[in-house]
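A short worksheet on the structure shown next.
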Amino acid sequence: MKVLVLVEEYNGSLKRSSCEAITAANQLTSSDNITAIALNASESALKSAGKYGASNAVNANESSIKGEAPALSKIISDYAQQNSFDTVLFAADSIGKEVAPRVSVKLEAGYVSDCVGLEVNGSDIVATKPVYAGKAQAKVKINTANNILSLRPNVFTAKVIAEGTEANYSEFTPTLDDKSKSVKITSISKNEGKLDVAEADIVVSGGRGLKEPENFNLVENLANALGGAVGASRAVVDAGWRPHSEQVGQTGKTVSPSLYVACAISGAVQHLAGMSSSKFIVAINKDADAPIFKITDYGIVGDVFEVLPKLTEKIKARH
Amino acid sequence: MNILVCVSRVPDTAAKIKVAGDNKSVETAGVKFILNPYDEYALEEAIQLQESKGGELTVLTVAGDEATDVLRTALAMGADKAIHVKANQLEKDSFYVANNIANVAKELNPDIIFLGKQSIDFDSFQISSLLGGLLDLPSVDVVSSINYADGSITGEKDIEGGKESFETSLPAIISVQKGIKEPRYPKLPQIMKAKQKPIEVKEAIETPLRTEILEMTLPEKARAGKILTGSDADIDELVRLLHEDAKVI
């Protein structure tokens, strides 16, 4: 197997989800068959792919694009075809999820998205993927000679396997026609300093039991004390208390952080689907029969208005 | 403007999922099925576009016989006609669906194709970009607002922790985010009228499965399930457990 991994640089280093994808590639083949590819990255960030087990790193230099899917997928497909890669891995983030299907069309490859597990069975790749927002999971076999996979962030642990090893760095000059430049990203606005609920390692979510939108400050305070992101149930998003970007659940975001704290959330099926794969789940709810308690590691049966301020203070006191 | 909206039929979000006897699919008996919620947003965007610019609005699904109900719902919301690509095989991968949509799109030549950003059954997030690849057209996902110009559009899409502004030429494929426009509820007269609207049935092109489900399971994770109270001592205990057991703080 010869594996190409799309990686991305953020603030001078490889993104964590990129390092996770390189680590996962090591489950499929040996380091010398793994190449990391990035668009407009720095040489130093790309060379650091070596310590996660990618022997080679390629920088695609094309300053006229910013990761638009038609252009980036052409670059990756061209590079993969010219260098006989049979497998391409992506992080299942906003770029990976748009680019991977297009690459699968070019490489005539089966594609499994948002994988949480990988196995090699003879010459076949079998991937595990959550379906129905995590209410079930499917083991999916790729039947084609070429394979495309995208990996859910925060699930595969990034591992340094060769400290100090640098990847062999090279550059690739893409050829893009007008058609592949049909989509243009004209500006990017990030909520600076605000963690996205889907990327955060700790998520504190609030529900209807908070009674008023203003009371979300209790949730925000705990999230800040823990260094986490704020999430919300569908009920409070539909009520207009919180933006849809914070919604956790089947018609919002599916999250799997290390710690999920559900505050005054009863635990509707569609909410549980979006967070039940979290590593540790804490729930605070005054109703001891709330369904959320069925899936928690630690539950507090109590009033959020009393428990949240106390818990926030005690966590702050640890720092 | 000719508009194509692709829809799917999915279990209701409140449905409890059970694995069927074949261990590869989910039990459908007793499960309520609905029009995929994100597709409702796609339809609403399409209907309002048609109301302002005219043209024909076609809704399409690639599914078995059972999917007639969601096509009727889409027709009641405001689509002019429906195309039902009849899939005879039970298991369909994303490529199968996209290839069949692309085949119809080549005949219809729509100016714009709308979809929901994902269908909430397989959450594969593939169809829009597969269509982009198969039709060699621009595609943009998770779009939360659109402005229409002559032969092109501009808009915003959601990314992790923010938004991107984009522009693209038409024809294009757009998958929409929840909330782009609030979907209408069809009223009785529209539901009655929808029964007269045409549903054209086409046979699907069968393609070998590129990906195949071997097994479906329900996730089982043993949880400690420890229940505490809101007392000071118990909150201290929770902090200790988070530190020592869970090692998250």
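Below, chain A is the first sequence line, B the second, and so on; all start at residue 1.
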Requested in this report: Quick one: pull up CG in A:N143 and CD1 in A:I125 and give me the separation to the nearest 0.5 Å.
Outcome: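 Here the rounded value is 12.0 Å.
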
Query - Atom pair OG (B:S94) and CG (B:N99), whose distance is rounded to the nearest 0.5 Å - result: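 That separation rounds to 12.0 Å.
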
Step through the shown structure and confirm whether more than 12 heavy atoms of other residues, nucleotides or ligands are within 6.0 Å of [atom1] on [X].
| X | atom1 | result |
| --- | --- | --- |
| A:D177 | CG | yes |
| A:K141 | NZ | yes |
| B:K18 | NZ | no |

Side chain / backbone / both / neither for [X] at chain B, heavy atoms under 4.5 Å:
| X | result |
| --- | --- |
| A:N121 | neither |
| A:S180 | neither |
| A:I142 | both |
| A:V126 | side chain |
| A:A109 | backbone |
| A:L195 | neither |
| A:A198 | neither |
| A:V282 | side chain |

If you count heavy-atom pairs under 4.5 Å between each of [options] and chain B, which one has the most?
| options | answer |
| --- | --- |
| A:A288, A:G299, A:G110 | A:G299 |
| A:V269, A:L226, A:T128, A:I300 | A:I300 |
| A:Q137, A:Q270, A:Q247 | A:Q137 |
| A:Q250, A:K179, A:K190, A:R102 | A:R102 |
| A:K294, A:K106, A:K129 | A:K129 |
| A:D303, A:I185, A:T144 | A:I185 |

Query raised in the report: Can you name the residues of residues 253-261 of chain A that have some heavy atom under 4.5 Å away from a heavy atom in chain B?
Result: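 A:S258, A:L259, listed by number.
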
Which region of [X], side chain (C-beta onward) or backbone (N, CA, C, O), has a non-hydrogen atom less than 4.5 Å from a non-hydrogen atom of chain A, or is it both or neither?
| X | value |
| --- | --- |
| B:V26 | side chain |
| B:F95 | neither |
| B:D93 | neither |
| B:L218 | both |
| B:A246 | both |
| B:L134 | both |
| B:P208 | neither |

Tell me which of these, [options], has more heavy-atom pairs under 4.5 Å with chain A than the rest.
| options | value |
| --- | --- |
| B:G132, B:G133, B:G161 | B:G161 |
| B:D245, B:V142, B:D12, B:L137 | B:D245 |
| B:A172, B:S124, B:S25 | B:S124 |
| B:D136, B:T154, B:I249 | B:D136 |
| B:P138, B:G179, B:A14 | B:P138 |
| B:A98, B:S152, B:A15 | B:A15 |

Can you check whether [Y]'s main-chain N or O pairs, donor with acceptor, with [X]'s side chain at less than 3.5 Å?
| X | Y | value |
| --- | --- | --- |
| B:D234 | B:G230 | no |
| B:D39 | B:G116 | yes |
| B:D111 | B:N2 | yes |
| A:Y111 | B:R210 | no |

If you measure from the Lys or Arg side-chain nitrogens to the Asp or Glu carboxylate oxygens, is any gap between [X] and [Y] under 4.0 Å?
| X | Y | result |
| --- | --- | --- |
| B:E91 | B:K24 | no |
| A:E68 | A:K184 | no |
| B:R240 | B:E237 | yes |
| A:K314 | B:D236 | yes |
| B:K178 | B:D158 | no |

Looking only at side chains, do [X] and [Y] share a donor and an acceptor under 3.5 Å apart?
| X | Y | result |
| --- | --- | --- |
| B:E215 | B:N23 | no |
| A:S187 | B:S165 | yes |
| B:N36 | B:S119 | no |

**Report entry** Shortest non-hydrogen contact from A:G302 toward A:I284
**Finding:**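 Answer, listing the atom of A:G302 first, then A:I284: O-CG2, 4.2 Å.
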
**Report entry** Test applied, side-chain hydrogen bond (donor to acceptor under 3.5 Å, both in side chains); reference residue, B:S144; option that passes from B:Q177, B:K157, B:K163, B:K117
**Finding:**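 That would be B:K163; it is the only one of B:Q177, B:K157, B:K163, B:K117 passing the side-chain hydrogen bond (donor to acceptor under 3.5 Å, both in side chains) with B:S144.
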
